[in-house]
Chemist: 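Below is the structure I would like to discuss, written out as structure tokens.
Here the structure is a predicted model, which means the values were calculated and not measured.
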Amino acid sequence: MKRSDTLTTELKKAGMRITPQRVAICKLLCETDSHPTANAIYEKIREQYPSISLATVYNTLDVLVGLGTVNVLGAIGDGHVHFDADTSPHINLACVTCHKILDINSVHVVGLDQDVSSTSGFKLLGARVMYYGLCPDCQRTQTSLTNQGENDHGNK
């Protein structure tokens, strides 16, 4: 079963009507690694389904997060909440400048998940390990701007 089918099945079990718009939301979440915001999802789905409401997107996301089938990553310095359909144990790296989020797999996070679950007795629905920093592209840009500023200052 495809991951998006799993999400729609969970929505149905939760009592939500499975509409083409909700199927499209689930499919988009599962096919992207960009960690979209609700508004980004809305804008993309609206291209195919102009009648979709932002409330439908938010309600669908709220149920998916509540079911533990989608992780909410929160804001990453851009003032927007991001979502991740990959609930497997992994690390999210967020660039504080361009706001790109990358996934990094780590055996340490998998081990931590297992340790927390066995020690606490919790059935874990998801976890969030988020690191913040500057991605390589933004580091290069920052270095380039710094060097340019030093050159401009030295030429005065």
Side-chain angles (χ1 to χ4, degrees), residues 1-117 120 122-142 145:
M1 181 183 282
K2 290 190 308 187
R3 177 83 176 122
S4 61
D5 292 340
T6 301
L7 294 184
T8 55
T9 299
E10 291 300 314
L11 286 175
K12 188 172 186 174
K13 285 182 191 174
M16 293 193 93
R17 198 164 53 92
I18 303 306
T19 63
Q21 294 87 343
R22 287 198 174 108
V23 170
I25 291 167
C26 293
K27 188 175 178 188
L28 186 147
L29 279 167
C30 292
E31 292 179 353
T32 185
D33 60 0
S34 68
H35 307 85
T37 64
N39 199 54
I41 293 168
Y42 168 72
E43 291 297 331
K44 186 67 178 167
I45 302 298
R46 196 168 69 142
E47 292 172 7
Q48 186 175 2
Y49 300 100
S51 65
I52 192 170
S53 71
L54 188 54
T56 296
V57 174
Y58 275 109
N59 291 337
T60 303
L61 290 170
D62 284 345
V63 170
L64 290 170
V65 168
L67 293 169
T69 55
V70 170
N71 286 334
V72 61
L73 300 181
I76 57 167
D78 60 355
H80 302 285
V81 175
H82 295 259
F83 296 89
D84 189 355
D86 181 358
T87 57
S88 68
H90 65 280
I91 297 169
N92 294 112
L93 295 172
C95 180
V96 297
T97 300
C98 70
H99 310 295
K100 175 175 32 183
I101 303 173
L102 300 175
D103 291 336
I104 302 293
N105 292 315
S106 168
V107 295
H108 303 292
V109 174
V110 172
L112 181 61
D113 237 44
Q114 292 168 346
D115 185 40
V116 168
S117 181
S120 68
F122 271 64
K123 175 188 175 191
L124 300 179
L125 299 177
R128 178 177 68 188
V129 178
M130 180 77 81
Y131 284 88
Y132 301 90
L134 292 174
C135 71
D137 291 339
C138 290
Q139 289 176 59
R140 279 190 291 279
T141 300
Q142 189 177 52
L145 290 173

Chemist: Indicate the atoms forming the closest heavy-atom contact of Cys95 with Cys135, along with that distance.
Modeler: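 For Cys95 versus Cys135, the nearest heavy atoms are SG-N, 3.4 Å.
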Chemist: Looking at every non-hydrogen atom in both residues, tell me the closest pair between Phe83 and Leu29 and how far apart they are.
Modeler: CB-CD2, 4.2 Å
Chemist: Going by side-chain hydrogen bond (donor to acceptor under 3.5 Å, both in side chains), name the residues that satisfy it together with His99, two or more places apart in sequence or in a different chain.
Modeler: none
Chemist: Rounded to the nearest 0.5 Å, how far apart are CE of Met130 and CD1 of Ile91?
Modeler: 11.5 Å
Chemist: Is there any salt bridge (Lys or Arg N to Asp or Glu O under 4.0 Å) pair reaching into residues 106-115, and which pairs are they, with sequence neighbours excluded?
Modeler: none
Chemist: Can you give me every donor-acceptor pair (side chain of residues 42-49, partner residue at least two apart or in another chain, under 3.5 Å) with its distance?
Modeler:
unit_1	atom_1	unit_2	atom_2	d
Glu43	OE1	Arg46	NH2	3.1

Chemist: Between Ser117 (side chain only) and Gln114 (backbone N and O only), is there a donor and an acceptor less than 3.5 Å apart?
Modeler: no
Chemist: Please name all residues satisfying salt bridge (charged side-chain N to carboxylate O under 4.0 Å, His left out) with Asp137, sequence neighbours left out, ordered by chain then number.
Modeler: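 Once residues adjacent in sequence are excluded, the partners of Asp137 under the salt bridge (charged side-chain N to carboxylate O under 4.0 Å, His left out) criterion are Lys100, Arg140.
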Chemist: Show the atom names and distances, to 0.1 Å, of all donor-acceptor pairs under 3.5 Å that link a side chain in residues 60-75 to residues at least two apart or in another chain.
Modeler:
unit_1	atom_1	unit_2	atom_2	d
Thr60	OG1	Arg22	NE	3.1
Thr60	OG1	Thr56	O	2.7
Thr69	OG1	Leu64	O	3.0
Asn71	ND2	Ala127	O	3.4

Chemist: What's the spacing between Cys26 SG and Glu10 CD if we round to 0.5 Å?
Modeler: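 The SG atom of Cys26 sits 10.0 Å away from the CD atom of Glu10.
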Chemist: Do you know which two heavy atoms are closest between Lys27 and Ser4, and how far apart they sit?
Modeler: CA-CB, 3.7 Å
Chemist: Near Asp33 CG, under 6.0 Å, is it more than 12 heavy atoms from other residues, nucleotides or ligands?
Modeler: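 No, CG of Asp33 has 12 or fewer neighbouring heavy atoms, counting only those of other groups under 6.0 Å.
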Chemist: Suppose we screen for side-chain hydrogen bond (donor to acceptor under 3.5 Å, both in side chains). Which residues come up paired with Arg128, at least two apart in sequence or across chains?
Modeler: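 Arg128 satisfies side-chain hydrogen bond (donor to acceptor under 3.5 Å, both in side chains) with no other residue.
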Chemist: Within a strict 4.5 Å, meaning less than it, do heavy atoms of the Ile52 and Ile25 side chains meet?
Modeler: yes
Chemist: Write down the atom of Ala85, the atom of Arg3, and the distance for their closest heavy-atom approach.
Modeler: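 In this case the closest contact between Ala85 and Arg3 is O-NH2, 3.0 Å.
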Chemist: Tell me, please, which residues at least two apart from Asp86 pass side-chain hydrogen bond (donor to acceptor under 3.5 Å, both in side chains).
Modeler: Ser88
Chemist: Partners of Tyr58 by side chain to side chain contact (heavy atoms under 4.5 Å, CB included), sequence neighbours excluded?
Modeler: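 In terms of side chain to side chain contact (heavy atoms under 4.5 Å, CB included), with neighbours along the sequence ignored, Tyr58 is linked to Ala38, Leu54.
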Chemist: Check side chain to side chain contact (heavy atoms under 4.5 Å, CB included) between Ser120 and all other residues, then give those that pass, not counting sequence neighbours.
Modeler: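 Partners of Ser120 by the side chain to side chain contact (heavy atoms under 4.5 Å, CB included) criterion, ordered by chain and then number, come out as Val116, Phe122.
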Chemist: By side chain to side chain contact (heavy atoms under 4.5 Å, CB included), which residues pair with Ser34, not counting sequence neighbours?
Modeler: Thr32, Pro36
Chemist: Working to the nearest 0.5 angstrom, can you tell me the gap between Lys12 NZ and Leu7 CG?
Modeler: 15.0 Å
Chemist: Which residues satisfy the side chain to side chain contact (heavy atoms under 4.5 Å, CB included) test with Lys123, sequence neighbours excluded?
Modeler: Leu125
Chemist: Would you be so kind as to tabulate the donor-acceptor pairs closer than 3.5 Å made by side chains of residues 101-110, with sequence neighbours excluded?
Modeler:
unit_1	atom_1	unit_2	atom_2	d
Asp103	OD1	His35	NE2	2.8
Asp103	OD1	His90	NE2	3.2
Asp103	OD1	Asn92	ND2	2.7
Ser106	OG	His108	N	3.1

